[in-house]
Every structure is written in structure tokens, then in C-alpha cells.
Amino acid sequence: MAVLRALSVLRVGNSLFLRTGSLKQVVRGYAPLRSTDCLYDFHLANSAKMVPFAGYSMPLSYGDVGQVRFRTICLFDVAICFRGKTATEFLECLLFNPFCSVNEKGGIIDDTIVTKHAADAFYVVTNAGRREEDLAWSEQRDIGKQGPVEHEVLENWGLLALQGPEAASYLQGLTSFDLRQLTFGTSAFVPIEGFNLHVARGGYTGEDGFEISVPPSQTIEVAQLLSKPPVQLIGLGARDSLRLEAGMCLYGNDLDETTTPVEAGLSWVIGKERKENGGFIGAETVLKQLKEGPTRRRVGLIVEGAPARQGAKIYAPLGHEEQLGVVTSGIPSPSLGKNIAMGYIKSGWHKKGTEVVVEVRKQLRKAVLTPMPFHKPNYWRG
């Protein structure tokens, strides 16, 4: 099966973010319901099947293109800039780490991405469905308490994510900038066909790729530029297979405000100093769990028979009476040819190779706990 690149377009309210992905190329996007916005028309012009989602209209699929190994998922609907001499101190207090913020009880408010533009300027990308909560959370934290901090919401900006094994070679053909300089997690301003765009190496597929930030006046042109053949557009129907095969969480499914980073298996992102000294909101709960262990843990599963979906109950294999946990995400994996799932299970039952049963369509199916990611990631580390 040929591997292509993918372009993803996200339109949420007044914020526009585009992400492109690769392997088989993908485009996904949000647009307001009943919208006449050109991105909405762009989807329809490309034979998109639109479905309602959280007050917006989103392409489920394009034509007869189904699931693919790599695809893009646009989760972000707003970008925020923090500037000022004490912006670093403010974000260190606000965020549990560079990737998520937690509430006073250690529950995850959102999984965000923070890029440092300069010594005192940061670019924060949040989750689409958490726009209002994220903005309210940052405003409630008393911006400026550590000193003057400028807080700017970047409305109408785009975020394009080009993902997959061929993403680098494809983008390299559009720029004189040597993309080998960019390793996973780094960024730079890159000239692309006459546009000067902020490009960060990373993504949501487990593959090599780039996230490209685009000013409002250039978003449509850049989207059209990156959606030319051999890019193939795909929609929401292919989204979960890529991120779930890569063992990545989806907020609202695998993460929420009742789940801590330790339970979610995200404690690896906590810096040594934070583990020793705390100093972040929710530190009491998080540090206690790091020391004593959580009562439940996020795990991966291979399920026999039919795929387990969100909400499926996980039971002990003998007697089938003790509920151990619940599935939060599940799909038939197009790459592995198996039914894979992610969920939370009682500590003590979380080790790889443990056999359990999962209730799928009122039938008990055998399952085995399997390490994640299910598909080996392919990040560019130089």
C-alpha cells in the first residue's frame, strides 16, 4: 500500500488551524454549521461527507477514501501567545509540564503544546474542545502575578500538520531551508514558496512530520498549496487509527479532569526538579501518586473477536464478576489487523501479558494487556 502525505484543515469558530499528515495523506477540518466559509466549501468541493461535531461541521470522509495507516487529526482550535519577562515563571506555575495543565486535584484540564519563540515569548496550542476552559483557566490564574505578562489569543490563525514518512521530502521540495536542522520538538521560521511560516517538527500520528503556523491572511493559500497531488484528503473516519496505533491519548476519551498525569502514564514528562520540589497546581496529588502509585493505570489491549469501543467494561478473567476498569478508546487497527484498545485498569492488573475479558456488545471477549505504542513511532531525531 503506497504511503502518501496528508493535509488536515481545522476550522473552529473564529480560530483556524490546519494540520497535515502523511502516510496516506489526510485532510480533516472543522467549520461552523451552516457556514459559508471557504474552508467549508473547500471540504464540499473535495467530496467531503460533513457531520456535526460540538457545534461545528467536520468532514467524516472524502469520497471513498477509508482508513489509512497515517492520518492527521486536528485537535487544536486556538493558539495563545504569552509574552513578558516573567512569562516563563507564569507558564511554569500554570502548566504541570510543557504538554498539559492540571487542576487543584491533579486532574488534566488539557494536553497543550508550548513552543518558545524567544527568551520571553511562548506560543501555546490548545485542544479544540477545550477552548473556553483553557482560556478561562489561564485568565483565572491571575496573569501578571509573577510580573507583567501579555496574553494574546491568536484568532483565525492556521496550524497545518504535514505528517508521515514522506512529509520531510515533500516539504523540502517547497523550501530552501534545510529541514534536517529541525529535529523532533524543535521549530524555526521557514520560507515556503514565498511565505515565511513558523514550522515545528512533531505531530499526532507517531510519524515524522511538521506543524506549520499560518497567519490569517495566508491560511487558505497555504492550505491550497499543501493540498495539491499527491496529497490525498481524508477525514474523521481515519483519525483514531493513527493516534491510537501510536498510543496517543484523545482528550475527552482517554484524558479528562478526573484523570491525573500519573494515572495516564504521563509522569515521564515531569522534570526531576518538579518531582522533587513540586511548585505546580495539583502538585500534592500528583507527587503523592508518584510516591505511592495510583489506584488505576492507563493500558493498551488487544481484543479478540469484535473491537471494544469507549465505555466497554473490563473484567477479571475468572468468574467475570469483578470489574477492573473501562475502555476509553478502541478500533480495529488497519495496520496490525487486530482490534486494539486503550483504557484504565485497577493497579495490580496493569502489567503486560495480563489476560482479562472485555464486554463487547453484551458478549465477553478475551483480551490481553499489550505495551503501547502498538505501532513503533518514527520521529526524526537527527
Side-chain angles (χ1 to χ4, degrees), residues 3-11 15-23 25-29 38-39 42 70 72-83 87 98 113-125 152-205 207-233 378-382:
V3 174
L4 305 177
R5 291 154 288 289
L7 168 68
S8 184
V9 181
L10 169 62
R11 172 75 181 182
S15 300
L16 175 62
F17 295 90
L18 308 176
R19 302 185 87 185
T20 62
S22 172
L23 280 165
Q25 298 183 340
V26 185
V27 172
R28 201 196 77 150
C38 58
L39 281 181
F42 172 86
F70 301 105
T72 333
I73 173 171
C74 301
L75 297 180
F76 312 124
D77 78 335
V78 61
I80 309 169
C81 269
F82 292 98
R83 301 187 188 90
I113 300 296
V114 180
T115 299
K116 190 172 185 178
H117 279 268
D120 59 356
F122 298 83
Y123 174 75
V124 181
V125 181
E152 177 187 1
V153 178
L154 301 181
E155 299 284 6
N156 297 319
W157 277 62
L159 183 63
L160 304 169
L162 183 66
Q163 302 277 292
E166 297 180 9
S169 60
Y170 178 75
L171 188 61
Q172 189 65 77
L174 302 176
T175 180
S176 59
F177 183 92
D178 186 359
L179 295 175
R180 291 175 297 179
Q181 298 178 40
L182 286 181
T183 55
F184 182 75
T186 63
S187 63
F189 282 93
V190 176
I192 299 177
E193 294 288 288
F195 302 99
N196 186 38
L197 306 174
H198 181 266
V199 177
R201 200 152 197 166
Y204 193 56
T205 62
E207 288 297 312
D208 184 25
F210 306 89
E211 294 191 339
I212 306 168
S213 184
V214 189
S217 63
Q218 302 171 355
T219 300
I220 302 304
E221 292 178 87
V222 176
Q224 293 172 339
L225 171 66
L226 293 177
S227 62
K228 295 178 180 179
V231 173
Q232 181 180 353
L233 309 183
N378 188 34
Y379 304 121
W380 172 255
R381 302 188 186 279

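Excluded from the calculations below are hydrogen atoms, water molecules and symmetry mates; all remaining heavy atoms, backbone and side chain alike, are included. Just so you know, these numbers come straight off a predicted model, no measurement behind them.
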Partner residues of Arg381 under the salt bridge (Lys or Arg N to Asp or Glu O under 4.0 Å) criterion, sequence neighbours left out: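 With sequence neighbours excluded, Arg381 shows a salt bridge (Lys or Arg N to Asp or Glu O under 4.0 Å) to no residue whatsoever.
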Nearest-0.5 Å distance, CZ of residue Arg201 to CG of residue Leu171: 9.0 Å
Gap separating the CG atom of Leu179 from the CZ atom of Phe210, nearest 0.5 angstrom: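 Atom-to-atom, Leu179:CG and Phe210:CZ are 4.5 Å apart.
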Nearest heavy atoms of Glu166 and Ser169, plus distance in Å: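 The answer is O-OG, 3.0 Å.
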Step-by-step side-chain contact (heavy atoms from CB on, under 4.5 Å) determination, Val199 to Thr175: CA-CA 12 Å; Val199 177; Thr175 180; over 6 Å; no
Contacts table for residues 187-197: side-chain donor-acceptor under 3.5 angstrom, sequence neighbours left out:
from, atom 1, to, atom 2, distance (Å)
Ser187, OG, His198, NE2, 3.3

Intermediate values then yes/no, side-chain contact (heavy atoms from CB on, under 4.5 Å), Thr183 and Trp380: CA-CA 6 Å; Thr183 55; Trp380 172 255; 4.2 Å; yes
Listed once per pair and sorted, the salt bridge (charged side-chain N to carboxylate O under 4.0 Å, His left out) pairs that draw on residues 171-182, sequence neighbours left out: Asp178-Arg180
With Phe177 via ring pair (Phe, Tyr, Trp, His ring centres under 6.0 Å) - residues at least two apart: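 Scan of Phe177 (ring pair (Phe, Tyr, Trp, His ring centres under 6.0 Å), adjacent residues dropped) gives none.
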